[in-house]
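Structure record follows, encoded as structure tokens.
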Amino acid sequence: MLDEWGNEIQENIIQKTWHFVFANRKVVLLLVGIFAVVFLTVQIIFLFTPQKNNLNSMITPTAMPSQTVRPEDRKLSETASAAAYLEIVDKTASLSSMIENADLFESALVFPPVNTKVKIEEK
Amino acid sequence: MLKRKLIIYFFIGLVFLFCATPSARADFDGLRQEYLDKLSKYNEAYSQFLIAKNTYQTYKTLASLTQAIENAKSYLKVRDELIIKHFELLLARLDEINFTSLIISDAQKKIAQDEITFYTNHLGLIPAIATLKEVNASADQAQTQIPSSNLKSKQILAQILIAKVEKIKAVYEENTTATEELINNLKADFQTNQTPQMRTKIDKLDRWLVEVKNKKRLCEDKLTVIKTSLAALKPKDTDLENRFNEARIDITQASLYLKEGVSYMKEIEEEMKYE
């Protein structure tokens with residue numbers, strides 16, 4: 001019984017969908033055409049755009065959020081060097097992160113362990 | 001009404017399209033997976049080859065000879081494909097790294113390309129193999145090349161690792177220069193109203209900055225030693241693997257100098273913060 005209900009509901013949905021599509025076929029065709037054009041454009045853009053990957057983000061320093069000047073830093077903050085100081089603090093933090101994340105072993109790039117002795121003795 | 005529906009559907013569709021943006025290019029992870037698949041096929045082909053070879057050498061029948069030749073051909077083919085995939089991986093990594101010297105980058109790419117060309121040509125000759133003599137001749141050809149390919153692969157890998165450390169060193173140098181400028185600005189700011197404590201502080205910051213620069217010098221010296229030792233490696237060196245592993249450890253050591261220098265920079269920044 002449940003199977004029959006299920007089949008009935010399924011047929012109903014399919015029928016209604018088909019009626020809707022057929023009734024608005026011009027609109028549907030237009031939308032499909034637009035989607036296809038946009039999809040192809042995105043693919044072409046990605047083909048020609050250099051992609052950033054994990055490695056580049058590892059070796060390219062990323063900016064850390066700037067620290068606010070605390071009340072006890074007021075002497076430094078009164079000088080013109082405050083902005084430069086905060087910039088250096090940010091850069092040092094990102095440099096530290098760069099060193100921590102750098103993969104300096106690259107075990108994926110080791111030459112494969114191939115066997116060179118392939119000769120078959122002729123006797 | 002229809003126009004409004006159209007516009008709504010259009011923007012919903014755009015959102016979905018931009019969420020699902022597959023990369024059309026084979027990326028490093030894809031190549032790596034292909035390499036691992038080839039490696040597992042290589043291991044299988046090698047086992048099959050050994051079985052067929054031992055069977056022939058035991059029974060010396062024509063059937064076992066034919067099987068041995070076929071398995072040898074399969075093995076040689078998979079081995080060449082594996083090595084080609086390895087050098088393609090190296091090329092993919094070389095493309096990702098921003099080398100400080102384009103000459104070095106191009107030289108490494110050319111070496112990898114030449115290796116791919118050699119093994120591709122060798123691969124093309126394998127289907128024509130029909131006799132045991134031809135199998136052995138083909139094996140000999142690759143046998144002389146493989147130690148040299150192994151060395152070239154190691155040298156390319158070492159250049160990749162050195163390029164990473166040099167990139168870190170370049171940023172380190174920029175930071176050191178900026179820190180030095182800041183210390184000089186502090187000196188200028190407190191020139192007219194210098195207390196003995198401030199004088200002591202500035203002297204301390206100058207000494208600490210020298211230590212930061214020393215770490216960079218140690219890193220540079222280490223990299224020079226590494227480059228010299230890598231240039232001295234030969235394909236037939238019996239301790240090639242050990243010497244290369246030592247070079248990799250030295251590259252890590254070079255980066256550790258910079259890491260220590262960065263911790264000194266943090267101490268300088270902490271010291272500069274307070275009066």
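Below, each value reflects all heavy atoms present in this structure, side chains not excepted, and no hydrogens, waters or symmetry copies. Just so we're on the same page: letters track the sequence lines, and every chain starts at 1.
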Decide yes or no for [X] and [Y]: does some side-chain heavy atom of the first lie under 4.5 Å from some side-chain heavy atom of the second?
{"X": "A:Leu109", "Y": "B:Phe28", "result": "yes"}
{"X": "A:Phe105", "Y": "B:Leu161", "result": "no"}
{"X": "B:Arg248", "Y": "A:Val110", "result": "yes"}
{"X": "B:Tyr172", "Y": "A:Thr92", "result": "no"}
{"X": "A:Met98", "Y": "B:Lys167", "result": "yes"}

Looking only at non-hydrogen atoms, find the nearest pair between [X] and [Y] and report the distance.
{"X": "A:Ile120", "Y": "B:Lys53", "result": "CG1-CG, 4.2 Å"}
{"X": "A:Pro112", "Y": "B:Ile83", "result": "CG-CG1, 4.5 Å"}
{"X": "A:Asn115", "Y": "B:Arg79", "result": "O-NH1, 2.6 Å"}
{"X": "A:Ile99", "Y": "B:Ser255", "result": "CG2-O, 4.3 Å"}
{"X": "A:Glu106", "Y": "B:Leu157", "result": "CB-CD1, 3.7 Å"}
{"X": "B:Lys154", "Y": "A:Phe111", "result": "NZ-CB, 4.4 Å"}

Exercise for the section: Can you measure from CG (B:Leu182) to CD1 (A:Ile88) and round to the nearest 0.5 angstrom? Expected result: 4.5 Å
Exercise for the section: Drop me the distance from A:Leu104's CG to B:Ile160's CD1, to the nearest 0.5 angstrom. Expected result: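 Output value for this atom pair is 12.0 Å.
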Exercise for the section: Mind ranking B:Met265, B:Gln57, B:Lys38 by heavy-atom pairs under 4.5 Å with chain A and telling me who comes out on top? Expected result: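 Most heavy-atom pairs within the cutoff with chain A belong to B:Gln57.
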Handout entry: Top of B:Ile251, B:Leu39, B:Asn150 for chain A proximity - count of heavy-atom pairs under 4.5 angstrom
Key =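 Most pairs with chain A among the choices: B:Asn150.
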Problem - salt_bridge(A:Lys91, B:Glu174) N-O dist < 4.0 Å - result: no
Problem - From CA spacing to verdict: side chain to side chain donor-acceptor pair (under 3.5 Å), A:Ser96, B:Lys259 - result: CA-CA 7 Å; A:Ser96 174; B:Lys259 189 175 176 180; over 6 Å; no
Measuring heavy-atom distances to chain A, does [X] have an atom under 4.5 Å in its side chain, in its backbone, in both, or in neither?
{"X": "B:Ser138", "result": "neither"}
{"X": "B:Ala142", "result": "neither"}
{"X": "B:Asp140", "result": "side chain"}
{"X": "B:Leu36", "result": "neither"}
{"X": "B:Ile156", "result": "neither"}

Handout entry: B:Asn175 side chain to A:Leu95 backbone, donor-acceptor under 3.5 Å
Key =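 No, the answer is negative, given that no donor and acceptor are paired below the 3.5 Å cut-off.
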Handout entry: Proximity breakdown for A:Glu87 and chain B, heavy-atom pairs closer than 4.5 Å
Key = neither
Exercise for the section: For B:Gln155, enumerate each residue passing the side chain to side chain donor-acceptor pair (under 3.5 Å) test, keeping only those at least two apart in sequence or located in another chain. Expected result: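 With neighbours one apart ignored, the set is empty.
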